[in-house]
Novice: 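Okay, handing you the structure first.
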Amino acid sequence: MRQSTPWWIRIPVLFFLIFGLMEYFIDSGDQPAFIAQPAAALFLVVVLVLLIAVELMMRGIENVLFRTLDPAARQRYLEMKARPRRWEWGMRVYRNLLGSRPIEEEGEIILDHNYDGIRELDNRLPPWWVYSFYITIIFSVIYMFRYHVFSGDDQQTEFEKEMVAAREAVAEYKRTAVDLVDASTVELLTEPADLAAGEAIFTGNCAVCHKVDGGGSIGPNLTDDYWILGGGIRNIFNTISEGGRDGKGMVAWKTNLKPGEIAQVASYIVGLHGTNPPDAKAPEGELYVDPDAPVDRVEVKTDSTGAEVIIETDTPNPLESESDQ
């Protein structure tokens, strides 16, 4: 009962095959399945024990059958076991790919050339070389028609398409990975769900110092045009994340809020601008003009008290002007 593959190869190969299939079909996130799910580790232990048990059973059956043989059959079996293992299939494929004649047949293909006793054989080219050459010819024909006859995409075009796809993939990833944002990449959120979440965070954490309406109490007024550390979504995000002025500003909230939550509450605060709540606190800091705002929509004027205020003007619609005429 000769087995072509020794046990010390069969058991590891079968075990790691089952292990790979388990890792492929079990969704365990970034961790291996046997670490994320203890049941998977237990399953692997059971599989290993079963493989060893099956191997021991096969060895026991082999010994029992060996004892039932007559002396001559035992001798033939032992001689078969003692023969060296040879990979017959692999050797046959190797000989076919090499295509050389056996040593016994070299006399039939020897040439008359003689170089200081060195004789030359008229061996055919190895089949692997010939087939590779044919493959290169077929590839060159396909390549010629693909890129020179039918004007396929060249390297530059393929690179540009890959870059477009990569930018789209990055944008999609950033859209879903809400916490992958900082003060330099944050953008104003306008979705009602984000603003509602920002309002809830503001009410629960910020209203103590800024009032529910943002008019300001201990903290400054968040609805006017004056900001101590700068207005706009990026400055507000940075102030919430890193905290206010040393010694007398608010604490840094980056340890309590995730970046996505800070972006939500910062977007909600931006929306409080111009609401003019009653009993609002007097302006503090410096006048802030959003550099991203259209120039023709922003105008700085002085009110009756001498304070500078920002007035947004409507941009005239050229279509409406023409219809009026």
Side-chain angles (χ1 to χ4, degrees), residues 1-98 127-128 131-132 135 161-162 165-182 185 193-194 197 200-201 254-264:
M1 194 176 183
R2 180 180 174 85
Q3 295 176 338
S4 59
T5 308
W7 66 268
W8 47 270
I9 292 180
R10 283 195 304 272
I11 292 180
V13 168
L14 290 174
F15 176 78
F16 283 108
L17 177 62
I18 296 173
F19 173 78
L21 291 174
M22 183 192 69
E23 290 290 342
Y24 178 78
F25 286 105
I26 296 179
D27 185 9
S28 57
D30 296 334
Q31 290 185 324
F34 71 94
I35 294 179
Q37 302 184 18
L42 179 61
F43 170 76
L44 289 177
V45 173
V46 172
V47 167
L48 182 60
V49 172
L50 286 176
L51 290 175
I52 296 174
V54 170
E55 194 66 35
L56 293 176
M57 290 173 59
M58 296 295 295
R59 190 62 58 86
I61 293 173
E62 182 180 5
N63 291 333
V64 171
L65 294 176
F66 178 79
R67 294 177 183 277
T68 60
L69 299 176
D70 55 62
R74 290 185 182 183
Q75 182 63 29
R76 290 195 303 271
Y77 177 75
L78 292 176
E79 291 176 357
M80 184 185 65
K81 293 275 287 186
R83 280 199 303 240
R85 299 178 183 273
R86 299 186 63 184
W87 190 22
E88 296 294 341
W89 179 83
M91 294 300 297
R92 186 168 59 253
V93 171
Y94 172 76
R95 287 193 297 268
N96 292 335
L97 288 176
L98 193 61
W128 68 265
Y131 297 148
S132 299
I135 292 173
K161 289 183 177 180
E162 290 292 333
R167 284 192 288 268
E168 292 176 353
V170 170
E172 177 64 19
Y173 175 72
K174 288 183 176 180
R175 187 183 66 81
T176 56
V178 293
D179 290 326
L180 190 67
V181 63
D182 55 25
T185 60
D194 291 322
I201 296 172
K254 60 184 178 182
T255 57
N256 301 87
L257 299 176
K258 298 178 181 179
E261 294 174 330
I262 297 178
Q264 290 173 334

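All values below come from the heavy atoms of this structure, side chains included, with hydrogens, waters and symmetry mates left out.
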Novice: With a 4.5 Å heavy-atom cut-off, do Asp182 and Thr185 have their side chains touching?
Specialist: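 Contact flag for Asp182/Thr185 side chains = yes.
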Novice: Shortest non-hydrogen contact from Val181 to Gly260?
Specialist: CG1-N, 4.3 Å
Novice: When rounded to the nearest 0.5 angstrom, what is the spacing between CD1 in Ile61 and CG in Leu56?
Specialist: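 It comes to 11.0 Å.
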Novice: Compare all side-chain heavy atoms of Met58 with those of Trp7 and state whether any distance is below 4.5 angstrom.
Specialist: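 Met58 does not reach Trp7 side chain to side chain.
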Novice: To check you understand the geometry: which heavy-atom pair defines the closest contact between Lys258 and Asp179, and what is its length?
Specialist: CB-OD1, 3.4 Å
Novice: What are the two closest non-hydrogen atoms of Arg67 and Arg74, and how far apart are they?
Specialist: O-NH2, 2.8 Å
Novice: Locate the shortest heavy-atom distance separating Gln264 from Ile201; write the atom from each residue and the value.
Specialist: OE1-CD1, 4.0 Å
Novice: Minimum heavy-atom separation for Glu23 to Ser28, with atom names?
Specialist: OE1-OG, 4.4 Å
Novice: Can you tell me if CG on Asp27 sees more than 12 non-hydrogen neighbours from other groups inside 6.0 Å?
Specialist: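 Open: at most 12 neighbouring heavy atoms sit under 6.0 Å from CG of Asp27.
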Novice: Rounded at 0.5 Å granularity, tell me how far CZ in Phe15 sits from CG in Leu50.
Specialist: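 It is 11.5 Å, given to the nearest 0.5 Å.
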Novice: Rounded to the nearest 0.5 Å, how far does CG of Leu14 lie from CD1 of Ile9?
Specialist: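 Nearest 0.5 Å value for the CD1-CG distance: 11.5 Å.
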Novice: Rounded to the nearest 0.5 Å, what separates atom OH in Tyr77 from atom CG in Leu65?
Specialist: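 Answer rounded to 0.5 Å: 8.5 Å.
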Novice: Are any of the side-chain heavy atoms of Phe19 and Val47 separated by less than 4.5 Å?
Specialist: no
Novice: Kindly check if the number of other-residue, nucleotide or ligand heavy atoms within 6.0 Å of OH (Tyr131) is above 12?
Specialist: no
Novice: Taking the side chain as every heavy atom from C-beta outward, state whether Leu48 and Ile11 have any atom pair closer than 4.5 Å.
Specialist: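 Result yes, sub-4.5 Å side-chain heavy-atom pair found.
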Novice: Quick check: closest heavy atoms across Ala33 and Ala40, and the distance to 0.1 Å?
Specialist: O-CB, 3.6 Å
